[in-house]
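One structure is given here, and the rest of the page talks about it.
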Amino acid sequence: MYNSKIIGLGKYVPDNVVTNDDLSKMMDTNDAWIQERTGIKERRWVKPGSEDTTSVMGLKAAKVAIERAGIDKNEIDFIVFATLSPDYYFPGPGVFIQKELDIKTVGALDVRNQCSGFVYALSVADNFIKTGMYKTVLVIGSELHSHGLDKTDRGRGVSVIFGDGAGAAVLTREENNSKGILSTHLHSQGEYAEELVVKAPGMGTRWVTDIIAENNPDDESFFPYMNGQFVFKNAVVRFSEVINEGLEKNKLKVDDIDMLIPHQANLRIAQFIQKKFRLSDNQVFNNIQKYGNTTAASIPIALTEAWEEGKIKEGDTVVLAAFGSGFTWGSVIIKW
Ligand code: UT7
């Protein structure tokens, strides 16, 4: 058995900055409410008509990660792409990356695990590398929320939170079993699937043709719905559990954490976890203030920025943790 290690990180966010004040011109909201409840100051939203799609943003982040990894793109043996906002209903964006990178016909897998998508995708990549099946895997998390949000008063509880962007990581084989990704931990609880959901279009519910035929202006089923307080309460519990699970598995203590990168769902959630684990400001990385919640892209964007800012160094113990729709949650323990 091998380990896997991250050898290249990249991110891409669209240029278009949308501030809280910008949102208050579209819907009944305000900067004070958004900052107090979420910590978000601004987010990036792809301008309608821009070339940026989920796949295109993922590709841009991937190119940076590949260059920083210092590998030839043809060394990539497999692609894992996490998103809840694919360009097409099918196929998923993984195959687009294979085409646009113009690499040999390697496999491409799409992960649909929302906010936990990148953690799930890393786990898949790690396990393919561990078994020796693949040596070098490209993992991408990318999200284009803004085109699918309800930007009226009705959707304000959800729309102010989400942002667009992408992050990517190149993983390769590590022969030293005490380095790289030490373990991954994945969970789900489907009984709460409808607490954070986009219900339509869905083959089992209402397809696009039904929505058009009904032409009901009150139909909200194709916008994200979130039972915010319920999600919040579950998030803080599951974040804690799954971080502890990872620490225990590796016989680590909280003090051993050099950097915790929580999924950027809400600054209050991250601060709650920081306080609970008694971590210093230097031990937790947040950038939700600038980007909002970019679901599957949030951890790779944050991980990339933390690394770019020199906050992650060789030998550090880095913990990634995510919780979101499904419910799904997970953690990754890395010895950098
Ligand atoms: O990433 C996946 C996981 N997601 C999460 O973990 C998110 C978890 N949940 C949350 O982060 C929070 O629940 C929210 C940020 C979504 C909402 O914060 P909250 O403190 O739970 O607010 P609330 O939904 O209870 O709403 C409080 C009040 C309501 O008004 P009333 O009923 O008290 O009069 C809302 O109508 O705030 C109102 N409100 C807003 N006001 C201004 C809701 N959205 C807005 C808004 N601007 N955008």
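As the structure lists them, so they are numbered: ligands from 1, and atoms in each ligand from 1.
Remark: ligand 1 and A265 share no N or O pair separated by less than 3.5 Å (distance only, no angle test). Considering backbone and side-chain atoms together, N293 places an N or O closer than 3.5 Å to an N or O of ligand 1. The shortest N or O to N or O distance between N30 and ligand 1 is not under 3.5 Å.
Across the listed options W329, W33, F162, W33 owns the non-hydrogen atom lying nearest to atom 18 (O) of ligand 1. Looking at R238, R156, R268, E195, it is R156 that brings a heavy atom closest to atom 38 (C) of ligand 1. For atom 7 (C) of ligand 1, the candidate residues are M226, Q264, R37, Q114; the nearest heavy-atom contact is made by M226. In this comparison of D31, D28, V231, I34, the heavy atom closest to atom 4 (N) of ligand 1 sits on V231. The closest non-hydrogen atom to atom 23 (P) of ligand 1, taken over H263, Q229, K233, comes from Q229.
Close contacts between ligand 1 and V160 involve ligand atoms 48 (N) [criterion: under 4.0 Å to a heavy atom]. Short contacts between ligand 1 and G157, defined as distances under 4.0 Å to a heavy atom of the residue, involve ligand atoms 16 (C), 44 (N). Heavy-atom proximity to I269, at under 4.0 Å, picks out these atoms of ligand 1: 6 (O). Interface atoms of ligand 1 facing F232, defined by a heavy-atom separation under 4.0 Å, are 8 (C), 9 (N), 10 (C), 11 (O). Atom numbering of ligand 1 starts at 1 in the shown order; those under 4.0 Å from a heavy atom of F323 are 2 (C), 3 (C). Ligand 1 places these atoms under 4.0 Å from at least one heavy atom of T38: 15 (C). Atoms of ligand 1 lying under 4.0 Å from at least one heavy atom of I161, given by number and element, are 16 (C).
Figure legend: R173 and Y2 shown as a cation-pi pair, the cationic atom lying under 6.0 angstrom from the six-membered ring centre and within 45 degrees of its axis. Relative to the six-membered ring of W336, K5 misses at least one condition, a distance below 6.0 Å or an angle of at most 45° to the axis.
Contact annotation: for T295 versus ligand 1, there are no heavy atoms closer than 4.0 Å. For T29, heavy-atom contacts with ligand 1 shorter than 4.0 Å involve the backbone as well as the side chain. In V158, neither the side chain nor the backbone holds a heavy atom less than 4.0 Å from any atom of ligand 1.
Taking 4.0 Å as the cut-off between side-chain N and carboxylate O, E42 and K290 do not count as a salt-bridged pair. Classification of R268 and E36 as a salt-bridged pair fails, no side-chain N sitting under 4.0 Å from a carboxylate O. The pair K135-E75 fails the salt-bridge criterion, with no side-chain N (NZ, NE, NH1 or NH2) lying under 4.0 Å from an Asp/Glu carboxylate O. Electrostatic pairing of K179 and E314 counts as a salt bridge here, judged by a charged N lying under 4.0 Å from a carboxylate O. Under the 4.0 Å criterion applied to side-chain N and carboxylate O atoms, K311 and D258 are not assigned as salt-bridge partners. D28 has a carboxylate O that lies under 4.0 Å from a charged side-chain N of R156, or vice versa, which qualifies the two as a salt bridge. Between R206 and E214 there is a salt bridge, since a side-chain N of the basic residue sits under 4.0 Å from a carboxylate O of the acidic one. Using a cut-off of 4.0 Å between Lys/Arg side-chain N and Asp/Glu carboxylate O, K130 and E174 are scored as not salt-bridged.
Note that atom 47 (N) of ligand 1 has protein non-hydrogen atoms nearby, at separations under 4.0 angstrom. Less than 4.0 angstrom separates atom 31 (P) of ligand 1 from none of the non-hydrogen atoms of the protein. At least one protein heavy atom sits closer than 4.0 Å to atom 21 (O) of ligand 1.
In terms of protein heavy atoms, atom 9 (N) of ligand 1 is closest to G228 O, 3.0 Å. When hydrogens are left out, the protein atom nearest atom 2 (C) of ligand 1 is C115 SG, 3.0 Å; that is the closest non-hydrogen contact. If you check which protein heavy atom lies closest to atom 11 (O) of ligand 1, you get N266 ND2, 2.6 Å.
Applying the side chain to side chain donor-acceptor pair (under 3.5 Å) test between Q264 and each of T38, N293, N286 identifies N286 as the sole match.
Classified by interplanar angle (parallel below 30°, tilted 30° to 60°, perpendicular above 60°), the ring pair F230/Y192 is perpendicular.
With ring centers used as reference points, Y291 lies 6.0 Å or more from W45.
Taking hydrophobic clusters as Ile, Leu, Val, Met, Phe, Trp and Tyr residues chained together by side-chain heavy-atom distances below 4.5 Å, F323 shares a cluster with F272.
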